[in-house]
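To start, the structure under review is shown below, and the notes come after it.
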Amino acid sequence: MAIQVLKPKFHVEECLDAVRECLEKGWTGMGFKTVEFEEEWKKYTGHKYAYYLSSNTVGLHLAVKILKMDNGWQDGDEIISSPITFVSTNLAIEYENMKPVFADVDEYLCIDPADIEKKITDRTRAVIFVGYGGRVGQLDKVIEICKKHNLKLILDAAHMSGTRVNGVFPGTWDGVDVTVYSYQAVKNLPTGDSGMICWADEKYADLTRMLAWCGINKDTYARSNKGTYAWKYDVDYVGYKYNGNAIMASIALTQLKYLDEENARRREIAAMYNEGFKNNPKIKIVPATYADECSYHLYELIVPDREDLLNKLSEAGINCGVHYRDNTEYSVFSFGEGQAPKAREISGHLITMPLHMWLTDEDVKMIIEKVNEYV
Ligand SMILES: *Cc1c(COP(=O)(O)O)cnc(C)c1O
């Protein structure tokens with residue numbers, strides 16, 4: 001069977017036991033396991049607030065929406081973002097009629113602080129930093145820039161479940177306003193689809209509870225726990241139906257137990273790749289700051305002829321991927337064309353190597369051999 005680029009490993013029996021608990025209890029919606037998972041996630045990461053959502057995409061939307069609402073941002077105001085990311089990062093800006101401005105990327109494939117500074121105008125309100133492949137890049141410098149220019153900082157941590165720096169989750173660093181994780185089907189902590197939004201400020205965490213559940217100002221769990229079913233809730237905002245559910249949370253709670261050991265295995269594989277490719281002059285390895293604590297959601301190489309290599313590897317039964325195309329190549333973001341030339345150049349040469357729990361050391365050695373043969 002062909003080797004896949006990303007392949008989740010579910011702890012099936014344990015997940016089923018947790019899901020069974022929901023079915024037997026008759027509680028599959030919001031509350032119960034979603035609350036348990038929020039508590040476990042706060043313990044695991046050190047975030048003060050956590051709200052479980054149906055995806056990271058909706059979390060990024062809420063992040064932009066709430067900051068816009070509360071800070072009086074206007075339509076057309078700018079948010080500096082990354083051109084090489086999953087489109088959700090930049091769609092979130094568009095949902096709120098704001099304008100993505102693309103900063104160029106550094107060697108870590110994260111946005112470059114030096115270019116962020118160049119892109120700041122009097123309409124810039126925030127920066128969205130993507131921890132590419134789990135990397136922290138130069139987030140510390142980006143925080144300094146945001147503080148200096150009074151910009152909000154949104155961390156798209158879709159790849160960063162488990163990434164630490166000296167034992168600390170970078171999303172909890174002072175200066176990060178909000179961190180949004182993804183538990184999409186192939187992320188490091190896979191469910192079906194879900195995500196978590198973690199604010200630094202309690203006020204925004206409270207707003208999130210309402211906006212993520214149709215603008216309603218109390219959730220079912222809180223109400224039914226009081227004994228009386230308070231059906232007389234108010235609707236304070238034109239909110240959304242963005243909350244996560246207990247079935248997904250059951251899977252998340254189970255998978256979380258294994259996240260650190262699985263990330264350790266990811267780092268082992270990444271180290272094998274680094275070693276295997278370091279002497280090939282045609283291959284450029286994408287480094288990571290704090291690599292020894294990186295979640296390594298993705299392992300990318302920069303190669304001279306990406307399409308050729310993809311095809312040859314596919315014929316050899318090794319399916320690699322591309323993460324990500326420069327977003328300004330897509331129609332909806334084409335207005336940004338030319339803003340980030342380095343990202344455009346790199347994204348044409350990026351290839352994602354297989355990296356997941358199903359790979360044996362022998363698989364990895366074989367992949368390294370084939371890549372070195374074909375490049
Ligand atoms: C997967 C991903 C998202 C979206 O996550 P969902 O949970 O699928 O909505 C956002 N940003 C990045 C960088 C991603 O990889």
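One-based numbering, in listed order, for ligands and for the atoms of each.
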- Query: Looking just at side-chain N and O atoms, do Ser194 and Tyr52 make a donor-acceptor pair shorter than 3.5 Å?
  - Reply: yes
- Task: Any ring pair (Phe, Tyr, Trp, His ring centres under 6.0 Å) involving residues 167-193? Give me the pairs, sequence neighbours left out, ordered by first then second residue.
- Result: Phe37-Tyr183, Trp41-Tyr181, Trp41-Tyr183, Tyr44-Phe169, His47-Tyr181
- Inspect the surroundings of CG in Asp361 and state if more than 12 heavy atoms from other residues, nucleotides or ligands are less than 6.0 Å away. yes
Per-pair distances, ligand 1 N/O vs protein N/O, less than 3.5 Å:
| unit_1 | atom_1 | unit_2 | atom_2 | d |
| --- | --- | --- | --- | --- |
| ligand 1 | 5 (O) | Ser182 | OG | 3.3 |
| ligand 1 | 7 (O) | Asn56 | N | 2.9 |
| ligand 1 | 7 (O) | Ser182 | OG | 2.7 |
| ligand 1 | 9 (O) | Asn56 | N | 3.3 |
| ligand 1 | 9 (O) | Thr57 | N | 2.8 |
| ligand 1 | 9 (O) | Thr57 | OG1 | 2.5 |
| ligand 1 | 11 (N) | Asp156 | OD1 | 3.4 |
| ligand 1 | 11 (N) | Asp156 | OD2 | 2.8 |
| ligand 1 | 15 (O) | His159 | NE2 | 2.6 |
| ligand 1 | 15 (O) | Lys187 | NZ | 3.2 |
| ligand 1 | 15 (O) | Tyr324 | OH | 3.0 |

- Side chains of Asn274 and Tyr299: donor-acceptor distance under 3.5 Å anywhere? yes
- Query: With no hydrogens and no angle check, do the side chains of Tyr204 and Asp70 hold a donor and an acceptor under 3.5 Å apart?
  - Reply: yes
- Residues Tyr296 and His159: side-chain donor-acceptor under 3.5 angstrom: no
